[in-house]
Protein chains: 2
Amino acid sequence: MLSLTEENYLKAIYHLSEGGSKAVLTNALAEAMSTKAASVTDMIKKLSAKEVITYEKYYGVNVTAKGKSEALMVIRKHRLWETFLVDKLGFAWDEVHEVAEQLEHISSPRLIEKLDEFLGYPKVDPHGDPIPDSKGKIKVQPLIPIDQLPVGFHGKVAAVKDSDSNLLKYLDKIGARPGIKIKVLGKEEYDESMEILINDHRVFISKAVSQNILVVG
Amino acid sequence: MLSLTEENYLKAIYHLSEGGSKAVLTNALAEAMSTKAASVTDMIKKLSAKEVITYEKYYGVNVTAKGKSEALMVIRKHRLWETFLVDKLGFAWDEVHEVAEQLEHISSPRLIEKLDEFLGYPKVDPHGDPIPDSKGKIKVQPLIPIDQLPVGFHGKVAAVKDSDSNLLKYLDKIGARPGIKIKVLGKEEYDESMEILINDHRVFISKAVSQNILVVG
DNA sequence: ACTATTTTTTAGGTAAGTCTAAAAAATATA
DNA sequence: TATATTTTTTAGACTTACCTAAAAAATAGT
C-alpha cells in the first residue's frame with residue numbers, strides 16, 4: 001500500500017521517466033513535485049523500500065515492474081474520473097484536472113471497474129490521453145505536435161498536450177478538441193506561427209499553441 | 001480548512017451529539033473514532049482552535065454553528081456519493097459505506113453541485129437517510145423503529161438504521177428497503193421477536209433486526 | 001589534473017496525528 | 001465526608017512528510 005504522497009511521487013517519476021523507460025534525477029523530481037531535493041531523497045528511500053523503484057545514489061531512480069503497474073493504476077483512475085466529470089457531469093475539460101488529482105487516490109478496485117463500465121470502457125480521456133485498461137495495458141500511439149507538420153497536412157486532432165486551464169480554454173474556443181478535423185494551411189518562418197483549418201474555420205496560432213495540438217504520427 | 005482527520009472527528013462529534021444538540025464526552029468520541037482518549041483531547045484542542053466546536057475541560061464538546069454547517073457538508077457529500085454508487089454504478093447498498101467514507105473528503109463545491117444535479121437532487125440516500133441541501137438544510141422526520149410499534153400497524157419503510165454490511169444484506173434479502181410497504185402481524189413477548197408482512201411475505205425477525213427498520217412517526 | 005561548481009545526500013529539526021504512562025479532576029461509594 | 005474508582009488531561013515519544021544547513025560526491029572548466 002502506498003500513501004497518497006507516495007502515489008503522487010510515483011506518478012511523477014513515471015511521467016518523468018516517459019513511461020518507465022529512463023532514469024529520473026533528484027532535482028527534476030523535486031521540481032516536478034514543487035519540493036526540495038532533500039525531501040525527494042527521503043521519499044526515494046521509502047519508495048525503493050517498497051520496491052516500486054530502484055535507486056542508485058547520485059545516479060537516479062528507475063521504476064520497477066511493480067511500480068509501473070501501480071503508477072498505471074493511478075493514471076487509469078485519473079483519466080476515468082476526468083472522463084466522468086466531462087461526459088456525465090458536464091464539466092469543461094479545463095476544469096477537471098484538480099478534481100481528478102483528488103479522485104485518483106480513492107482506493108476501491110470495484111469502484112473503478114464499475115465506473116469504467118458506466119462510462120462505456122472509454123479508450124481515451126477528454127484530452128485524448130489513453131486510459132490504461134484494468135490490467136494496466138495502455139495503447140501507445142506515436143503522436144506528433146502539429147508545429148512539426150508540413151503545409152498541406154490534414155488529419156484529426158488526437159490529443160492535446162498541456163493541462164493548463166488557460167491553454168485548454170483557448171483550444172476549446174478555436175475548436176481544437178480530440179476527434180476534430182484539422183489541416184495545415186500555412187507556416188510563418190519568422191515566428192513559427194501557423195494558419196490552420198479547423199472545423200471549417202481558418203485560425204492563426206502561435207508556436208506555443210501548435211506544439212500542444214497532437215495528431216497521430 | 002479542515003484536514004481529513006479533522007473532518008472525520010467533526011462528523012463523529014456531530015453524529016454523537018445528535019445533530020449538535022448535546023455535549024459529547026471524550027471517551028465516547030474515542031470509542032467512535034477507534035482511538036485513545038489522549039488522542040481525542042489533542043484533536044479537541046485543534047478543533048476548538050478552528051472554532052468548529054466549543055470545549056470545556058472535563059465537561060465535553062459542543063458543535064458551533066460553523067461546525068454544524070461543515071459537518072452537514074461532509075454528510076451531504078457522503079450521502080450523495082452513496083446515492084451515486086447505488087443508482088448509477090449499480091452497487092448494492094451494503095457495499096457503499098467504505099467507499100463513500102473516502103469520497104466524502106473530496107473538496108470541490110462545483111463537483112458536489114454537479115453531482116447533485118446529475119442525480120436529480122435526491123432527498124434521501126439508499127438507506128433512507130436525508131441528504132442536506134446545498135445550504136446545509138436537512139429535512140428531519142421523526143422516525144420510529146418498528147419494534148416499538150403495535151400489532152396491526154401498517155406503513156412504509158422510511159429508512160434503515162445501521163450501516164453494518166451483514167445487516168444490510170439481510171434486510172435486502174427480506175425486502176426491507178426504504179419505500180416498501182410493511183405491516184406488523186405479531187409480537188412475541190418472550191424475546192421481543194416479531195412477525196411482519198413485507199412485500200406480501202410473512203417474515204419473522206428478531207429484536208436486533210426490528211430495531212433497525214424505521215418508519216415515519 | 002586540479003580546482004570550481006553543481007548536484008545529491010546526510011544531519012538535525014518541525015508539525016500532524018498517533019501512542020503509553022502518569023497525573024489531575026470529577027464522580028461514586030461506603 | 002473521606003476514600004475509591006472512573007474519566008480526562010498532561011507529558012513525553014514515535015512516524016510521516018516536510019524543511020534548512022552542511023557535507024559529500026559527481027561534473028565542468030581551465
Side-chain angles (χ1 to χ4, degrees), chain A residues 1-17 22-63 67 70-71 74 98 101-102 104-107, chain B residues 1-17 22-63 67 70-71 74 98 101-102 104-107:
Chain A
M1 273 288 86
L2 299 181
S3 74
L4 189 147
T5 311
E6 288 168 342
E7 279 192 353
N8 281 332
Y9 268 92
L10 181 59
K11 192 178 55 146
I13 293 167
Y14 178 85
H15 283 309
L16 288 172
S17 70
K22 67 177 204 191
V24 174
L25 301 177
T26 301
N27 267 357
L29 189 48
E31 160 89 336
M33 295 299 295
S34 307
T35 185
K36 297 298 155 70
S39 309
V40 169
T41 303
D42 281 353
M43 182 52 79
I44 280 174
K45 285 176 187 163
K46 282 182 206 159
L47 290 176
S48 48
K50 294 196 175 181
E51 301 184 328
V52 291
I53 59 173
T54 55
Y55 164 50
E56 264 187 87
K57 267 190 186 180
Y58 295 100
Y59 164 71
V61 164
N62 279 100
V63 183
E70 299 239 25
V74 178
E98 287 71 21
E101 288 285 305
Q102 295 182 60
E104 74 188 6
H105 301 292
I106 302 294
S107 166
Chain B
M1 273 289 86
L2 299 181
S3 73
L4 188 146
T5 311
E6 287 167 344
E7 278 192 354
N8 281 332
Y9 269 91
L10 180 59
K11 191 178 56 146
I13 293 167
Y14 178 85
H15 284 308
L16 287 172
S17 70
K22 66 177 205 192
V24 174
L25 302 176
T26 302
N27 267 356
L29 189 47
E31 160 90 336
M33 296 299 294
S34 306
T35 186
K36 298 297 154 73
S39 309
V40 169
T41 303
D42 281 353
M43 181 53 79
I44 281 173
K45 286 176 188 163
K46 283 181 206 160
L47 290 176
S48 49
K50 295 197 174 180
E51 301 184 326
V52 292
I53 60 174
T54 55
Y55 164 51
E56 263 188 89
K57 268 191 185 177
Y58 295 100
Y59 165 71
V61 165
N62 279 100
V63 183
E70 299 238 25
V74 178
E98 286 71 21
E101 288 286 305
Q102 296 182 61
E104 74 188 7
H105 300 292
I106 302 294
S107 166

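Order of the sequence lines sets the chain letters (A, B, ...), proteins ahead of strands, with each chain counted from 1. Everything quoted here is computed from the prediction, not taken from an experiment.
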Partner residues of [X] under the side-chain contact (heavy atoms from CB on, under 4.5 Å) criterion, sequence neighbours left out:
X      : value
A:A37  : A:T26, A:N27
A:S107 : B:Q102
B:A23  : B:Y59, B:N62
B:A30  : B:V40

- Item | For A:E104, salt bridge (charged side-chain N to carboxylate O under 4.0 Å, His left out) partners two or more places apart |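 With neighbours one apart ignored, the set is A:K11.
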- Query: Do any of residues 25-33 of chain A sit with a heavy atom less than 4.0 Å from DNA chain C, and if so which?
  - Reply: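 The stretch gives A:L25, A:T26, A:N27 as the residues lying under 4.0 Å from the strand, ordered by number.
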Could you pull out all donor-acceptor pairs under 3.5 Å where a side-chain atom in residues 47-58 of chain B meets a protein atom, sequence neighbours excluded?
unit_1 : atom_1 : unit_2 : atom_2 : d
B:S48  : OG     : B:I44  : O      : 2.9
B:S48  : OG     : B:K45  : O      : 3.3
B:K50  : NZ     : B:M1   : O      : 3.0
B:K50  : NZ     : B:E6   : OE1    : 2.9
B:K50  : NZ     : B:E6   : OE2    : 3.3

- Task: Output the distance between atom CD (A:E31) and atom CG (A:L16), rounded to the nearest 0.5 Å.
- Result: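 If I round to the nearest 0.5 Å, the distance is 9.5 Å.
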- Contact boundaries on DNA chain C for chain A, cut-off under 4.0 Å to non-hydrogen atoms: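 Extent of the interface on DNA chain C: C:dT7 to C:dT10.
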- Is any side-chain heavy atom of B:L2 less than 4.5 Å from a side-chain heavy atom of B:L10?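 Yes, their side chains come closer than 4.5 Å.
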- Message: Assess the residue pair A:T35 and A:Y9 against the criterion (side-chain contact (heavy atoms from CB on, under 4.5 Å)); give the C-alpha distance rounded to whole Å, side-chain angles, the decisive distance to 0.1 Å, and a yes or no.
- Response: CA-CA 11 Å; A:T35 185; A:Y9 268 92; 3.5 Å; yes
- Mind checking what makes side-chain hydrogen bond (donor to acceptor under 3.5 Å, both in side chains) contact with A:N8, not counting sequence neighbours?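 If we apply the side-chain hydrogen bond (donor to acceptor under 3.5 Å, both in side chains) test to A:N8, skipping adjacent residues, the hits are A:H105.
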- Query: Taking the side chain of A:Y58 as heavy atoms from C-beta outward, which of D:dT20, D:dT10, D:dA26 is closest to it?
  - Reply: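 For A:Y58, the side-chain atoms sit closest to D:dA26.
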Could you go through nucleotides 13-17 of chain D and list every protein N or O atom that sits under 3.5 Å from one of its N or O atoms, giving the distance for each pair?
unit_1 : atom_1 : unit_2 : atom_2 : d
D:dA17 : OP1    : A:S3   : OG     : 2.5
D:dA17 : OP2    : A:K46  : NZ     : 3.0

